[in-house]
Student: 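The following block contains the structure, expressed as structure tokens.
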There are 2 protein chains.
Amino acid sequence: MTSVDRPRQEEPEKMSETEANVRTERKRGSGAKVVYDLLRDEILDLALPPGSPIDEVQLAERFQMSRTPIREALVRLAGEGLITTLPNRSTMVSNIDFLNMHTFFDALVLMYRVTTRLAAQYHRPEDLEVIAARQQEFAAAVRAQDALAMIATNAALHLAIAEAGRNPYFTVLFSRLLDEGRRILRLYYQSYDDRLPQRFVEEHDEIIAVIAARDVDSADRIAREHAEQIVRQIQKMFVREDRLEVPL
Amino acid sequence: MTSVDRPRQEEPEKMSETEANVRTERKRGSGAKVVYDLLRDEILDLALPPGSPIDEVQLAERFQMSRTPIREALVRLAGEGLITTLPNRSTMVSNIDFLNMHTFFDALVLMYRVTTRLAAQYHRPEDLEVIAARQQEFAAAVRAQDALAMIATNAALHLAIAEAGRNPYFTVLFSRLLDEGRRILRLYYQSYDDRLPQRFVEEHDEIIAVIAARDVDSADRIAREHAEQIVRQIQKMFVREDRLEVPL
DNA sequence: GCAAATATTCTTGTCGACAATCTGAATACA
DNA sequence: TGTATTCAGATTGTCGACAAGAATATTTGC
């Protein structure tokens, strides 16, 4: 099938999967995924703050593709509640629900407990390697006092623990909660230059130890304390900056 | 910001949202939703059993619309894990994961407990009316020995309880779990004509009583026993029909 | 007769265009 | 002047068509 009258400059393709690269040429079926991943990151990093308008044609131009794959990405994001679509009108980044924050905390603490408990129960040797690596990255972020890296690596560590627990239902919910937490924390770390304390590194070490020891009850207890510690930390930020300028 | 009190001519529109109706005329923006709702029901009812091929053009003909809204519905269903898409190849109804069924049971029991506990804590008077109505419907299904109606009304009852708990994170997960349970149970009720015992009606009454009494600890305990009772019931079916013909 | 190469077919992925609906401004009217 | 109406602009929802990729059928070469 040598139907190559077209000068499709495949060539080296040295470039990594950057946006610029994707623009010029991209594999069939990858369009929506690229847009989804990038948009998701931008939303969670608050590069697109809550309330930001999402324009399909604008995105289509930016990614050099038609609106169809763009729309598919948006439908998926809407399914996760990250964007909100007003029928026939407009689409925008979903707001953070400050009024029902306590429901978020409840769910977060419970998932911290459950996933850690299951990890202690069902983990395999290779899981511990992944978890240890994530903890290294978190500790490095703490040493560097890089608040945003702390948020990301902390989420990655706890997600690794959750996956060692091997319950996809819990993992999916936990992942959503950690994402939402990423937005909330970033909102504060933008204005404040606060940092999660060294204490969290030590608590993580404790958690990893009881998981490795398969001590289920201790895992539950320590995870709970750790989670409640984090929640208190976040709540402290709230009262501290009570009259925060929040986009409704 | 005032809500939308716009006189949007809702008109009579006596006709119910049947498929035939939708075929002839449908409102802009409703296409994907209609397809989504109907396909979802058919999947959960096993009218479309696991492994069934999902053909876009076929659906487009059936619903008398183009493939675009069909695809949107499919993307949403895929997001919930109800269908599986093989890139560039085909789409089919997702399988039921019998190997990791225990993770499903773990999650189900925990959500039964948590949602009931929160309902005892946070319910409002009007919630109890809804819950009582659902319990009536469940009792009616038991009296009629209508197994499929029992499944549906049981799920509706527990979802009503979950909503009285007012934690959207838990409610969403629980809803997914009840959906998955609907598929699993229906798989068995197709071959067997077993029925959930009268005992469940009484247990529901107990649960409703402790919720109304705001007895959080009892709510947790009774919900747990109730859930484990149900899980045992399902597991009994499994061993009974061990060499079941399961579509992989 | 059988394996490899080729053609066909079938399904999904993408595209550009058009239509419907909403927003907001400009206009008409009391 | 204030309110209702109309019109223009913008954005989404839908459509039909085409292309790419994978599976299957067919042909070719030995």
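What you see below is based on every heavy atom in this structure, not just the backbone, and it leaves out hydrogens, waters and symmetry mates. Here is how names work: the chains are called A, B, and so on, in the same order as the sequence lines, proteins then strands, and each is numbered from 1.
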Student: Rounded to whole Å, how long is the line connecting atom CD of B:Glu61 with atom P of D:dG16?
Tutor: 12 Å
Student: Does the pair B:Glu56/B:Arg62 count as a salt bridge with the N-to-O cut at 4.0 Å?
Tutor: no
Student: Given the rule in the side chain to side chain contact (heavy atoms under 4.5 Å, CB included) test, do B:His158 and B:Phe138 qualify, once you have shown the distances and angles that lead to the verdict?
Tutor: CA-CA 11 Å; B:His158 283 287; B:Phe138 177 72; over 6 Å; no
Student: If I take atom CE in residue B:Met65 and atom P in nucleotide D:dC15, what distance separates them, rounded to the nearest angstrom?
Tutor: 7 Å
Student: Do side-chain atoms of A:Arg71 reach the backbone of A:Pro69 as a donor and acceptor pair under 3.5 angstrom?
Tutor: no
Student: Please state how far atom NZ in A:Lys33 lies from atom C1' in C:dG13, giving the value in whole angstrom units.
Tutor: 16 Å
Student: May I ask you to decide whether A:Asp37 forms a salt bridge with A:Lys33, counting only side-chain N to carboxylate O separations under 4.0 Å?
Tutor: yes
Student: For residues 67-75 of chain A, which residues have at least one heavy atom under 4.0 Å from DNA chain D?
Tutor: A:Arg67, A:Arg71
Student: Salt-bridged, A:Asp41 to A:Arg182, with N to O below 4.0 Å?
Tutor: yes
Student: Is there any protein nitrogen or oxygen under 3.5 Å from a nitrogen or oxygen in nucleotides 9-11 of chain C, and what are the pairs?
Tutor:
unit_1, atom_1, unit_2, atom_2, d
C:dT11, O5', B:Asp55, OD1, 3.2

Student: Any salt bridge between B:Asp45 and B:Arg183, counting N to O under 4.0 Å?
Tutor: no
Student: Would you indicate whether the side-chain heavy atoms of A:Ile43 and A:Ile83 approach each other to under 4.5 Å?
Tutor: yes
Student: Rounded off to whole Å, could you give me the CD1-to-P distance for the A:Ile83 and D:dT12 pair?
Tutor: 10 Å
Student: Counting N and O atoms only, with roles assigned by atom type, does the side chain of B:Asp146 sit under 3.5 Å from a partner on the main chain of B:Ala141, one being a donor and the other an acceptor?
Tutor: no
